[in-house]
Amino acid sequence: MADAFYADFAEADNLVRMTFLDPAGPTFFADWRRATEACVANLRLALGHDPHDRQAQALVEEVGSASAEFRRLWERHDVQGKTHEAKTFRHGAVGELTLSYHAFDVRDAPGQQLIVYRAQPDSRSAEALRLLGTLAASSWLRVVHHGRSSLALRCASLPSR
């Protein structure tokens, strides 16, 4: 389902890269400005848990060298964790979705969180989420039917753009 949700992105590997470097970012996040601010503040919080995290430091360097907006926000030194709120997304296949999320700390993994998104029951967003699930499942079934490998399943399960 996550692959289908992020299908508008060239590569769904890292939310910071997706938000700032992928051309789909400003369209996918309905309030892109707010998404960028939260993304940077969350990354700062993560680095606060482990200031010597080489992967996170490399990510800051990579995105900072390619995005003036990231550099501007990084220089503000805002720190913010995820708790709960609603976000609106614009998906190429199913349209606009407003989803609320809740963040849960993972007790055995300090600094890690489980983020759960959900749509309001009986809403346009709930219907769009069901449609997205159907599209993802039918793409997966088409791939299985054609006998591709499990690695190809992950790549091919994305709905066409």
Side-chain angles (χ1 to χ4, degrees), residues 1-120 123 125-126 128-129 132-133 135-136 140 150-151 153-159 161:
M1 184 74 158
D3 284 344
F5 184 71
Y6 291 120
D8 293 344
F9 292 91
E11 191 170 340
D13 65 335
N14 178 281
L15 196 55
V16 176
R17 280 190 200 97
M18 293 161 59
T19 302
F20 287 96
L21 303 183
D22 194 296
T27 303
F28 183 77
F29 299 101
D31 189 346
W32 186 72
R33 182 195 55 79
R34 187 167 147 209
T36 61
E37 291 171 353
C39 192
V40 171
N42 289 195
L43 180 56
R44 271 210 177 274
L45 179 65
L47 270 168
H49 289 290
D50 184 1
H52 305 290
D53 182 334
R54 291 177 195 239
Q55 287 182 316
Q57 291 171 349
L59 180 65
V60 169
E61 288 180 29
E62 173 193 350
V63 179
S65 69
S67 169
E69 181 64 10
F70 179 88
R71 286 190 306 274
R72 183 185 73 75
L73 292 170
W74 189 254
E75 290 169 4
R76 287 181 14 185
H77 297 275
D78 294 342
V79 177
Q80 172 186 327
K82 290 180 182 241
T83 55
H84 66 277
E85 68 176 292
K87 289 184 180 182
T88 301
F89 306 93
R90 292 187 200 108
H91 192 279
V94 298
E96 196 166 280
L97 299 102
T98 299
L99 305 174
S100 60
Y101 76 82
H102 289 275
F104 302 94
D105 291 329
V106 179
R107 290 184 184 165
D108 289 340
Q112 297 292 310
Q113 291 185 312
L114 171 67
I115 312 297
V116 178
Y117 283 90
R118 69 180 288 273
Q120 288 286 56
S123 67
S125 295
L129 209 50
L132 190 59
L135 291 172
W140 182 82
S150 60
L151 178 59
L153 286 175
R154 187 175 196 289
C155 299
S157 66
L158 304 176
R161 296 178 193 189

| Contact list for residues 23-32, test salt bridge (charged side-chain N to carboxylate O under 4.0 Å, His left out), sequence neighbours left out | none

| remark: Scanning both residues in full, the closest heavy-atom pair of Arg90 with Pro26 reads NH1-O, 4.1 Å

| request: First locate atom CG of Asp3, then atom CG of Leu132, and finally report the distance between them rounded to the nearest 0.5 Å. | output: 10.5 Å

| Pairs meeting criterion salt bridge (charged side-chain N to carboxylate O under 4.0 Å, His left out) with involvement of residues 100-116, two or more places apart | none

| message | Quick check: Phe89 with Tyr6 (ring centres under 6.0 Å apart)? | response | no

| Do you know the tightest heavy-atom contact between Gly25 and Trp32? | O-CD1, 3.4 Å

Just distance, no hydrogens or angles: give the donor-acceptor pairs under 3.5 Å from side chains in residues 47-56, sequence neighbours left out.
residue	atom	partner	partner atom	Å
Asp50	OD1	His52	N	3.3
Asp53	OD1	Gln55	N	3.0
Asp53	OD1	Ala56	N	3.0

| query | Can you name the residues that form a side chain to side chain contact (heavy atoms under 4.5 Å, CB included) with Ala109, not counting sequence neighbours? | reply | Val106, Gln112

| task | Identify the heavy atoms of Leu135 and Val94 that sit nearest to each other, and give their distance. | result | CD1-CG1, 4.0 Å

| remark: Applying side chain to side chain donor-acceptor pair (under 3.5 Å) to Ser100 and not counting sequence neighbours gives none

| side chain to side chain donor-acceptor pair (under 3.5 Å) partners for Arg71, two or more places apart | none

| query | Between Phe28 and Phe9, how do the two ring planes meet: parallel, tilted or perpendicular, split at 30° and 60°? | reply | perpendicular

| query | CD/Glu96 to OG1/Thr88 distance, rounded to the nearest 0.5 angstrom? | reply | 5.5 Å

| said: For Arg76, give me all partners under side chain to side chain contact (heavy atoms under 4.5 Å, CB included), at least two apart in sequence or on another chain. | reply: Glu37, Arg72, Leu73, Asp78

| request: Evaluate the side-chain proximity of Thr36 to Phe29: yes if any heavy-atom separation is below 4.5 Å, no if none is. | output: no

| task | Could I get the full list of ring-ring contact (aromatic ring centres under 6.0 Å, His included) partners for His102, not counting sequence neighbours? | result | His84

Report, one line per pair, each donor and acceptor closer than 3.5 Å where one atom sits in a side chain of residues 12-24; sequence neighbours left out.
residue	atom	partner	partner atom	Å
Asp13	OD2	Arg17	NH1	3.1
Asn14	OD1	Val16	N	2.8
Asn14	OD1	Arg17	N	3.1
Arg17	NE	Glu62	OE1	3.0
Arg17	NE	Glu62	OE2	3.0
Arg17	NH2	Glu62	OE1	3.0
Thr19	OG1	Leu15	O	2.7
Asp22	OD1	Ala24	N	2.8
Asp22	OD2	Ala10	N	2.8

| request: For Tyr101, enumerate each residue passing the ring-ring contact (aromatic ring centres under 6.0 Å, His included) test, keeping only those at least two apart in sequence or located in another chain. | output: Tyr117

| request: Identify the heavy atoms of Arg44 and Val79 that sit nearest to each other, and give their distance. | output: CB-CG2, 4.1 Å

| query | Quick one: are Asn42 and Gln80 in side-chain contact, heavy atoms under 4.5 Å? | reply | yes

| query | What residues form a side chain to side chain contact (heavy atoms under 4.5 Å, CB included) with Ser123, not counting sequence neighbours? | reply | Ala119, Gln120, Ser125, Ala126

